[in-house]
Protein chains: 2
Amino acid sequence: MNIREIAKRARVSSATVSRTINRHPSVQPQLAKRVWRIVEELGYFPSTQARALVSGRSRIFGLIVSEITNPFFPEIVHVFEETAVKHNYEILVTSTVHDPERMKTSARRMLEHRVEGVAVMTFGMEESLLDDLKLRNVPLVFVDVGPPRARVSNIRIDYLHGIRQAVQHLAALRHEKIAFITGPLTLKSALARKDAFVRSMNEIGMAADPELIVEGDHTPEGGEEAFSKLLSLRLRPSAILCSNDMTAIGVMRKCYSDKIVVPRDLSVIGFDNIHLSQYILPPLTTIEMAQTELVRLVFQALWHDVQREIPNLKGTEYVLKTSFVLRDSTAMNPGKGRS
Amino acid sequence: MNIREIAKRARVSSATVSRTINRHPSVQPQLAKRVWRIVEELGYFPSTQARALVSGRSRIFGLIVSEITNPFFPEIVHVFEETAVKHNYEILVTSTVHDPERMKTSARRMLEHRVEGVAVMTFGMEESLLDDLKLRNVPLVFVDVGPPRARVSNIRIDYLHGIRQAVQHLAALRHEKIAFITGPLTLKSALARKDAFVRSMNEIGMAADPELIVEGDHTPEGGEEAFSKLLSLRLRPSAILCSNDMTAIGVMRKCYSDKIVVPRDLSVIGFDNIHLSQYILPPLTTIEMAQTELVRLVFQALWHDVQREIPNLKGTEYVLKTSFVLRDSTAMNPGKGRS
DNA sequence: CTGAAAGCGCTAACAA
DNA sequence: TTGTTAGCGCTTTCAG
């Protein structure tokens, strides 16, 4: 069952069928109707592969994520798919699972499927990935990595905005020893979050004590471990800001087993506002990086770069703000209670 | 850059390049080496669309899920992708979001991309979906829906196995009033879980009190609401089994705001063992439906049906066992303490 | 073992 | 407005 079969039955040429299906205005309404009737009747669907082959456009966008099981990503994938479908595009999602090998494979799969553009949302910059794709002038959009590159668009995250609000919130709650658990500092995004924290502290005249900044790895286990170090300090912090929500969850798990009550004894703030954070107990106060908005920007960047005939030589920059989300994991500094 | 370009540079025919790339044994080793060298040098990747078109095989499997943001699915998608890639297949994931319209679109996208088989993991049976796909003899694999259908393979879930263990665990902890919060009873899977609960209770001579079986909807909100009903009973249950983990999370959230301490005052058990359940506090005791194993079965069924030349007329059945996972949300019935 | 050539299903010039 | 036709990039007979 192909276009010729439809053409034969509708007693027209396959070109007319093609035009009808693609809603080319030059087809006589009554002819079109006849064609559509046959199409419906036989339940005909044009082959995307044939279309792609002849048109040179696959109508596929690639999306490379770290791992879809990371709670940060399902929402991303969901919105990306929704947006793509709305534009009659399909998406090819691959996960690198932090493995250089899988990264190569990802790029390869993208290329084999002739994707028209790729969004890289791995939160770690993968130069090797770039090479193959950039070489072929595939439009690329990165989130939050490195300096502007030629032909590559970038979504920058304004970490400071949300982190500043969080820090000021804690200061208002009269916390004086505020700790920060970072992500793996090899990650640009983790580094940027830490820097935003330090800067926010300085802004309001609170020196960020280096002893209170300890490195985690964006997993709950890393959070627990980092928190343990903090607990062994002579002067424990009364509030902790974490580089992501999973880290905060680790902290809260440790609190649970150590009988430290959040937020009474300790205020905890996360980052990302993953879906999960509203379900843990107590619901986690966090900093949101609006995923829907992020994807909207990513898609827009991709779309923009794909539409233009002349390649986007310098690449475009977009900025996404972060913002504070107040829930129940923060409270007044117990040492400074309403005494 | 196409196969002919490679052929020209390697001074062979495009047929030879094709054979080389596809590792056809008839190519002279030295010729093959020459071809490979050019291929690597130019970074050539064959076009999947051209391949699909000429071979009649897309090397794509479809996966239809309810919504990828449901914590049950990311793991599924992940393993499915991994398995597919291992077999040199790509996957096309679509979400129905419980919307009949999206379901139609899903089927359409699958068909347009000429997927070789589709796994339907929506946990609700969508007859409408079947029509278009079955009509075209696309191999289909369902999880846990309805009676065996011609040409459709099925993965059945043995709910009883895990639920029985959970019930017996609670009985051993001397709980006597055990409640069950169901999922939406329009769902076959929810119904099956409830039935397994009733049967497990009867097996050990504990009548399942109808008053203690209340309907939820598989969301935390539904769980909270159902739990509230249970709380208003003259004789409250000391243990609750939930139709899924999200429901259990709702129950625990309500406990948190009502100062009911889990597991001291109330034992809670979930179902699914989603990733999240180990991170909530206390870590949730639950019943696992091994997702990795599930996907393995699904893929195997698909693979099996795709390989066979003659269509699988009657469809095949597979069974997946469920099993109990002990964590910290259950304890001895407080009314029967070691007094 | 290798090459020539047909053709997969469709779109887009070009002709009528 | 509609039809004819070439050809997208590849695989696969069929000859040689």
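Order of the sequence lines sets the chain letters (A, B, ...), proteins ahead of strands, with each chain counted from 1.
- Atoms CD1 (A:Ile6) and P (D:dT2) sit 17 Å apart, rounded to a whole Å.
- For A:Tyr89, the ring pair (Phe, Tyr, Trp, His ring centres under 6.0 Å) partners at least two apart in sequence or on another chain are A:Phe61, A:Trp303.
- Nearest-nucleotide positions on DNA chain C for B:His24 and B:Arg114 put B:His24 closer to the 5' end.
- A distance of 7.0 Å separates CD of A:Gln49 from CZ of B:Arg114, quoted to the nearest 0.5 Å.
- For A:Lys33 and D:dT1, the NZ to C1' distance is 17 Å, given to the nearest whole Å.
- Between B:Leu31 and B:Leu53, the residue anchored nearer the 5' end of DNA chain C, judged by the nucleotide with its closest heavy atom, is B:Leu31.
- Taking atom CZ of A:Arg59 as the reference point, atom C1' of C:dG9 lies 18 Å away to the nearest angstrom.
- Taking the salt bridge (charged side-chain N to carboxylate O under 4.0 Å, His left out) definition, one finds that A:Arg11 meets it with nothing, sequence neighbours left out.
- Taking the salt bridge (charged side-chain N to carboxylate O under 4.0 Å, His left out) definition, one finds that B:Arg296 meets it with B:Glu293, sequence neighbours left out.
- Contacts of B:Glu40 classified as salt bridge (charged side-chain N to carboxylate O under 4.0 Å, His left out), with partners at least two apart in sequence or in another chain: none.
- Within the 4.0 Å cut-off from OP1 or OP2 of C:dG3, at least one side-chain nitrogen or oxygen of B:Ser13 is found.
- Out of C:dG9, D:dC8, D:dT2, the shortest distance to the side chain of B:Arg4 is found at D:dC8.
- B:Gln28 has a side-chain polar atom (N or O) that falls below the 4.0 Å cut-off from OP1 or OP2 of C:dT2.
- Rounded to whole Å, the distance from NE2 on A:His113 to P on D:dC10 is 13 Å.
- Atom P of nucleotide D:dG7 and atom CD of A:Gln49 are separated by 23 Å, given to the nearest angstrom.
- Taking the salt bridge (charged side-chain N to carboxylate O under 4.0 Å, His left out) definition, one finds that A:Glu82 meets it with B:Arg102, sequence neighbours left out.
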Could you encode protein contacts along nucleotides 11-16 of chain D as a string, one character per nucleotide from 5' to 3', using B for base contact, S for sugar-phosphate-only contact and - for no contact, with a heavy-atom cut-off of under 4.0 Å? BBB---
